[in-house]
> 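My structure is below; once you've seen it, I'll send some questions.
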Protein chains: 2
Amino acid sequence: MATSRERDDPLLLDRQICFPLYAATNLLNRRYGPVLRPLGLTYPQYLVMLVLWEEEPQTVGSLGARLYLDSGTLTPLLKRMEAAGHITRSRDPDDERRVVVGLTEKGRALREQALHVPETIASGRTPEGIEELGNSVRKLVALLADQNSKA
Amino acid sequence: MATSRERDDPLLLDRQICFPLYAATNLLNRRYGPVLRPLGLTYPQYLVMLVLWEEEPQTVGSLGARLYLDSGTLTPLLKRMEAAGHITRSRDPDDERRVVVGLTEKGRALREQALHVPETIASGRTPEGIEELGNSVRKLVALLADQNSKA
DNA sequence: ACAATTAATATTGTTCGCAATATAATTTCC
DNA sequence: GGAAATTATATTGCGAACAATATTAATTGT
């Protein structure tokens, strides 16, 4: 009889593409934690700062579009960042539905310290072809985002 | 003066390898949700079932080692799965520190329905070289897990 | 044998992440 | 110009995910 360990079993954990992505994300998040803690940021908060350091101000919606997160996630996260003094939140006078997110001086200054983060994370052996891997996952993200938006 | 938009800025969001992994995981989780809901499973619960369908019973520790999760995550998750009737939890009589996790009949039967999950998720266009991508991410996971354990 | 150490899991507190829903402002369309 | 539809954000409720700590059982050293 067929067992659950057959090579062509579609449910083998090691055949799931999703699982290594899930595991890598958890492991990376665990690695970023101690590095970002001295900056007073969590990993998703760090991503918000990366976006704001590139372009500021942004609306909640534009941040969500860039990071693939919705307001249910962003609103409380941004409130915590506001309480920590990193960002400002205010209604757009021209369209009161929008909330405009900007950097405080403290938030802008934090960029200097954050410059060390990437190399700190990458210290130690970096796997072969990490650049190519990044590009492949970016394509996957684009495809998933496109398919999700159509569904 | 140097702006934050320079091509070699280490803080550009699009240069971060971590971000596409994070985004892909979120997008995939969002896609699995509706597919798994009829089975009464969340995505991490589905992963636990995949492991148990391969080999049963398992301890909390062996599940955590396989999925790169600790007891703080697994204990409440397994309790919810027990409450849902998918699994059993009991102390190992030979070593009362261990909690042994097994499948109920309902949990075993669920495998039939789960057989359709992978193809349902993969329906639609699959990106070029998805196999190779899986292997690359698996290598990254192995490296990260190794480095984290040594730290 | 028994105190000290180690191992396995559980608990607590905080922060995501999302679906579903609610609220309020703006556009559209007649 | 005003009702209806749309847009943008917020709220609620639930399920992860993890650090730090606690609890209990097994193992080790003397």
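In what follows, chains carry the letters A, B, and so on, assigned in the order in which the sequence lines appear, proteins first and then strands, with residues in each chain numbered from 1.
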> If the condition is side chain to side chain donor-acceptor pair (under 3.5 Å), which residues does Thr75(A) pass it with, not counting sequence neighbours?
none
> Using residues 96-104 of chain B as the side-chain source, report each donor-acceptor pair under 3.5 Å to any protein atom, sequence neighbours left out, with the distance given to one decimal.
from	atom 1	to	atom 2	distance (Å)
Arg97(B)	NE	Asp95(B)	OD1	3.1
Arg97(B)	NH2	Asp95(B)	OD2	2.9
Thr104(B)	OG1	Gly85(B)	O	2.6
Thr104(B)	OG1	His86(B)	O	3.1
Thr104(B)	OG1	Lys106(B)	N	3.4
Thr104(B)	OG1	Gly107(B)	N	3.0

> Who pairs with Glu56(B) by salt bridge (Lys or Arg N to Asp or Glu O under 4.0 Å), at least two apart in sequence or on another chain?
Arg108(B)
> Do Tyr22(B) and Tyr68(A) have ring centres separated by under 6.0 Å?
no
> How is Asn26(A) classified with respect to the nucleic acid when contacts are heavy atoms under 4.0 Å: base, sugar-phosphate, or nothing?
sugar-phosphate
> From CG of Leu78(B) over to C1' of dG15(D), roughly how many Å is that when rounded to an integer?
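After rounding, the gap between these two atoms is 13 Å.
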> Between P on dA16(D) and CG on Leu36(B), what's the gap in Å once rounded to a whole number?
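So the CG-P distance, Leu36(B) to dA16(D), works out to 11 Å.
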> With a cut-off of less than 4.0 Å, is there a side-chain N or O of Thr42(B) near OP1 or OP2 of dG15(D)?
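False: Thr42(B) side-chain N/O out of range (4.0 Å or more) of dG15(D) OP1/OP2.
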> Which parts of residues 81-91 of chain B get close to DNA chain D, meaning a heavy atom less than 4.0 angstrom away?
none
> So what does Leu69(B) touch, heavy atoms closer than 4.0 Å: a base, only the sugar-phosphate, or nothing?
sugar-phosphate
> Among all residues two or more places apart in sequence or in another chain, which pass the side chain to side chain donor-acceptor pair (under 3.5 Å) test with Gln45(B)?
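Gln45(B): no side chain to side chain donor-acceptor pair (under 3.5 Å) contacts found.
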> Return the 5'-most residue of the pair Pro76(A), Thr73(B) with respect to DNA chain D, ranking by each residue's nearest nucleotide.
Pro76(A)
> Looking at Glu55(B) and Arg66(B), is there a salt bridge between them, counting it only when a charged N and a carboxylate O are closer than 4.0 Å?
no
> Any salt bridge (charged side-chain N to carboxylate O under 4.0 Å, His left out) pairs touching residues 25-41 of chain A, not counting sequence neighbours?
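Pairs touching residues 25-41 of chain A that pass the test: none.
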> Checking Glu119(A) now: which residues fulfil salt bridge (Lys or Arg N to Asp or Glu O under 4.0 Å) with it, not counting sequence neighbours?
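Not a single residue meets the salt bridge (Lys or Arg N to Asp or Glu O under 4.0 Å) criterion with Glu119(A).
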> Which residues pass the side chain to side chain donor-acceptor pair (under 3.5 Å) test with Thr42(A), sequence neighbours left out?
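Residues passing side chain to side chain donor-acceptor pair (under 3.5 Å) with Thr42(A): none at all.
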> Closer than 4.0 Å, any side-chain N/O of Gln45(B) to the OP1 or OP2 of dA16(D)?
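Yes, Gln45(B) has a side-chain N/O under 4.0 Å of OP1/OP2 on dA16(D).
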> Please report the distance, rounded to the nearest Å, between CG in Leu28(A) and P in dC18(D).
11 Å
> For Leu63(A) and dT9(D), what is the distance between atoms CG and C1' respectively, to the nearest whole Å?
13 Å
> Can you pull the salt bridge (charged side-chain N to carboxylate O under 4.0 Å, His left out) pairs that have at least one residue in residues 70-85 of chain B, sequence neighbours excluded?
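Found Glu82(B)-Arg89(B).
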> If you walk 5' to 3' along DNA chain C, what is the first nucleotide with an atom under 4.0 Å of a heavy atom in chain A, and what is the last?
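The contacted stretch runs from dT15(C) to dT26(C).
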> Please determine if a side-chain N or O atom of Lys79(A) lies less than 4.0 Å away from the OP1 or OP2 oxygen of dT11(D).
yes
> Can you list everything that forms a salt bridge (Lys or Arg N to Asp or Glu O under 4.0 Å) with Arg91(B)? Sequence neighbours excluded, please.
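Counting only residues at least two positions away or on another chain, Arg91(B) forms no salt bridge (Lys or Arg N to Asp or Glu O under 4.0 Å).
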> Examine dA17(D): is either OP1 or OP2 under 4.0 Å from a nitrogen or oxygen in the side chain of Tyr22(A)? Give yes or no.
yes
> Report all interatomic pairs (protein N or O, nucleotide N or O of nucleotides 20-29 of chain D) with separations under 3.5 Å.
from	atom 1	to	atom 2	distance (Å)
dA26(D)	OP1	Glu96(B)	N	3.1

